[in-house]
Amino acid sequence: MALIVQKYGGTSVGSAERIKLVAERVKQTVAEGNSLVVVVSAMAKETDKLVKLAHDVSSNPCRREMDMLLSTGEQVSIALLSMALQDMGQPAISLTGAQVGIETEPAHTRARILNIQTERLSRHLAEGKVVVVAGFQGITNSGDLEVTTLGRGGSDTSAVALAAALKADLCEIYTDVPGVFTTDPRLVANASLLDEITCDEMLELASLGAKVLHPRAVEIARNYGVQMVVKSSWTNEPGTKVIAPGVAPRPLQNLELGRPVDAVHFDLDQAKVALLRAEDRPGIAASLFGELSKQQVDVDLIIQSIHDGSTNDIAFTVDRASLNHAEAVSTALGPTLQKHRGSRVEQTEVMVDPEIVKVSIVGAGMIGRPGIAAQMFHTLADAKINLQMISTSEVNVSCTIAAKDCDRAIAVLCEQFEVDSSPAPTNAIGPNCPPVRGVALDLKQARLAIRHIPDRPGMAAHIFQTLATANICVDMIIQSQRSRLNNGQMTRDIAFTVPQMDMDTALKLLKEISQSLGDAEVTAEPNVAKVSIVGIGMLGRPGVAAQMFEAMADKGINIQMIATSEIRVSCVVAENQGAEALQAVHQVFELGQTHQIEIPAR
Ligand code: ADP
Ligand code: ASP
Ligand code: MG
């Protein structure tokens with residue numbers, strides 16, 4: 001007999017009829033000889049309605065009361081599903097997060113799960129009952145028993161955490177699409193269903209806008225080796241397996257608070273090329289990286305900052321043996337990428353740094369914890385190490401620094417995060433692994449820029465620590481390549497993206513600290529979209545980024561920012577071009593299929 005945790009999302013329990021359908025599937029699973037814990041979300045749109053009500057009565061509803069309010073949505077659906085099951089003759093009992101003992105930290109509206117009591121669950125299961133548990137909610141475990149919620153979309157996380165705590169054989173996530181697709185099938189009609197995807201890829205996709213899974217659910221599956229599958233509530237198709245690596249057993253105490261960083265990686269064989277003052281128009285990145293790829297130069301990190309006037313700086317790293325080649329290609333191409341103003345030409349310039357190293361902190365525990373990247377920047381700043389390029393993803397923060405600082409950087413980072421260091425793993429991907437597994441679009445991002453920041457260690461640490469204190473997650477951090485003299489001191493610009501809902505707070509905080517940044521100027525642009533490709537197969541395969549840039553250039557789409565990490569490339573474009581960019585990129589990697597899957601309306 002297997003122990004299965006099933007989770008049904010809002011659309012799947014969106015009406016009395018749909019709840020009855022879910023009950024039938026649950027009953028059937030029990031009839032096949034399994035024990036079952038079922039996690040449900042609030043009925044479709046219910047949580048949104050409650051959020052709106054809160055804002056109708058208050059301009060700034062407090063987080064504690066938001067949790068009291070939002071947790072009611074799930075209490076309705078567990079009771080209804082339990083009634084429907086009992087009506088079919090299937091013994092069942094509904095339990096709130098508090099009744100189960102899903103203990104969380106006290107951070108209202110974004111609490112992490114610390115521990116799950118399993119006694120009551122096991123007792124009811126032994127009685128032959130299906131236990132229907134409210135997703136998305138928990139209770140603080142010390143002091144007053146406060147109701148908490150985990151963050152929007154958090155029922156997936158409840159389900160996977162329960163599966164880990166109960167050591168369940170399987171966690172099935174039932175939703176309103178047949179599984180994980182190459183991209184959102186509601187935006188790209190011919191998106192293909194994936195048979196399987198690795199946790200690493202799913203983590204990136206989920207955090208880059210694919211809301212089919214809550215990123216923290218994938219993190220728990222990865223850490224505890226939970227077998228997970230995403231399926232449709234309306235069909236019996238096999239769905240998509242999310243493959244968790246084999247893992248060493250780890251304690252269930254502090255379930256979501258494990259060590260945030262698993263390792264410090266370094267790559268000693270890096271050199272940087274920067275092309276300064278390339279024109280800010282569609283096709284520039286495509287020409288440069290298209291040519292590099294044609295000449296078989298494997299590019300690692302790529303960053304392009306926001307435009308300065310009407311030109312951009314593009315910087316990338318290669319291994320040192322490729323430096324001369326990469327420099328020659330960039331120098332030869334430079335004149336074709338220049339900006340002409342009437343008869344005047346703004347000349348491009350190629351800058352190289354032959355001796356840099358890349359140091360990275362890696363670990364799934366960084367998700368949603370912006371303080372970790374800030375801590376890395378602080379640690380390096382305290383050691384007087386200047387950061388050149390920064391590249392962040394949900395599970396990795398990489399910085400390039402001068403080669404002479406490498407040993408010190410590794411030592412201080414290992415000490416800070418209490419981990420060992422090792423060379424960055426190289427490509428061990430089979431030739432059949434597709435370079436790109438999926439494409440994601442995030443329309444809920446805003447772009448912030450801070451200009452004229454003094455060019456000295458500690459500035460990035462100061463900025464990102466300030467934002468981390470307000471729990472604002474930052475992505476795509478890009479420093480300008482050029483430094484400029486401003487009021488007698490060398491300065492640089494830093495641009496990055498934050499969730500749109502955090503933009504005003506971020507702007508306010510940055511304005512407050514701008515004096516301590518030498519009167520830096522802060523600007524914000526809410527109307528941007530982020531398009532990303534993700535795939536472990538792009539490791540060590542030249543030309544993948546170039547293909548993405550070309551697809552956008554062909555549609556005349558201008559790329560405002562570029563940032564890459566090991567298994568993803570992200571581009572910021574204008575918001576109104578986001579969907580078109582997504583479709584073009586999906587097509588160029590031939591991720592579509594000829595027949596379209598019928599996706600029911602929500
Ligand atoms: P649930 O209420 O079941 O939790 P969600 O709305 O949170 O469902 O997530 C399912 C939705 O995620 C789908 O309806 C789909 O529009 C969207 N989605 C975004 N990206 C993807 C993707 N790559 N694969 C599948 N669905 C995706
Ligand atoms: N009901 C919550 C939400 O809408 C949690 C979830 O559905 O996963 O965000
Ligand atoms: Mg969801």
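The first residue in the sequence is number 1, and the count goes up from there. Both ligands and their constituent atoms are indexed starting at 1 by order of listing.
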Does a donor on one side chain sit under 3.5 Å from an acceptor on the other, for S393 and E204?
yes

for atom 15 (C) of ligand 1, nearest protein heavy atom and its distance come out as D184 OD1, 3.3 Å

Assess, by modelled atom type and distance only, whether the side chains of S12 and S233 contain a donor and an acceptor separated by less than 3.5 Å.
yes

Does any N/O atom on D156 come nearer than 3.5 Å to any N/O atom on ligand 1?
no

Hey, does N236 have a side-chain heavy atom less than 4.5 Å from the side chain of R25?
yes

With no hydrogens and no angle check, just 3.5 Å: does a side-chain donor-acceptor pair link E566 and N396?
yes

Under 4.0 Å from a heavy atom of G154: which atoms of ligand 2 are those, numbered in the order shown and with their elements?
5 (C), 8 (O)

Is the shortest heavy-atom distance from the side chain of L591 to the side chain of T183 under 4.5 Å?
no

For atom 1 (N) of ligand 2, find the nearest protein heavy atom and state the residue, atom name and distance (0.1 Å precision).
E74 OE2, 2.7 Å

The criterion is ring-ring contact (aromatic ring centres under 6.0 Å, His included); which residues satisfy it with F289, sequence neighbours excluded?
F316, F549

Within 4.0 Å of some non-hydrogen atom of R152, the atoms of ligand 2 are 3 (C), 4 (O), 9 (O)

Quick note on ligand 1: atoms under 4.0 Å from a heavy atom of V180 include exactly 24 (N)

If we only count heavy atoms from C-beta on, is the E24 to Q28 side-chain gap below 4.5 Å?
no

May I ask you to check if ligand 1 and S12 share an N or O to N or O distance below 3.5 Å?
no

K211 N/O under 3.5 Å from ligand 1 N/O
yes

Can you name the closest pair of heavy atoms from V13 and Y8 and give their distance?
CG1-CB, 4.2 Å

Please check if the side chain of T240 supplies one atom and the backbone of L194 the other of a donor-acceptor pair under 3.5 Å.
yes

Heavy atom of the protein closest to atom 13 (C) of ligand 1 (residue, atom name, distance)
D176 OD1, 3.5 Å

Is there a polar contact between ligand 1 and G10, counting only N or O atoms under 3.5 Å apart?
yes

Under 4.0 Å from any heavy atom of T183, which atoms of ligand 1 are there?
22 (C), 23 (N)

Note: ligand 2 atoms sitting under 4.0 Å from heavy atoms of S41 are 6 (C), 7 (O), 8 (O)

Main-chain N/O of V40 paired to E74 side chain as donor or acceptor, under 3.5 Å
no

Any atom of ligand 1 sitting under 4.0 Å from a heavy atom of P185?
yes

Atoms in ligand 1 with a heavy atom of F181 nearer than 4.0 Å
22 (C), 23 (N), 24 (N), 25 (C)

Check if G153 has a non-hydrogen atom at a distance under 4.0 Å from any atom of ligand 2.
yes

Regarding ligand 1, does K7 bring an N or O atom to under 3.5 Å of one of the ligand's N or O atoms?
yes

Which residue and heavy atom of the protein sit nearest atom 3 (O) of ligand 1, plus the separation:
T175 OG1, 2.6 Å

Could you check atom 26 (N) of ligand 1 against the protein and tell me its nearest heavy-atom contact, residue, atom and distance included?
V212 CB, 3.5 Å

Below 3.5 angstrom, do we get any N/O pair linking A210 and ligand 1?
no

Residue, atom name and distance, where the atom is the protein heavy atom closest to atom 6 (O) of ligand 1
R602 NH2, 2.9 Å

Under 4.0 Å, heavy atoms only, figure out whether ligand 2 is touched by the backbone of H214, its side chain, both or neither.
neither

Quick check: S155 and ligand 2, any N/O pair under 3.5 Å apart?
yes

Ignoring hydrogens and angles, state whether a donor on the side chain of D67 or T148 is under 3.5 Å from an acceptor on the partner side chain.
no

Acceptor/donor pairs from residues 152-163 side chains to any protein atom, 3.5 angstrom cut, sequence neighbours excluded:
residue	atom	partner	partner atom	Å
R152	NH1	D48	OD1	3.2
R152	NH2	D48	OD1	3.0
S155	OG	S41	OG	3.3
D156	OD1	K7	NZ	2.7
D156	OD2	H214	N	3.0
T157	OG1	H214	ND1	2.6
T157	OG1	A217	N	3.1
S158	OG	F136	N	2.7
S158	OG	G154	O	3.4

Polar-atom distance check: G151 versus ligand 2, any N or O pair below 3.5 Å?
no

Would you say G179 contacts ligand 1, with heavy atoms under 4.0 Å as the rule?
yes

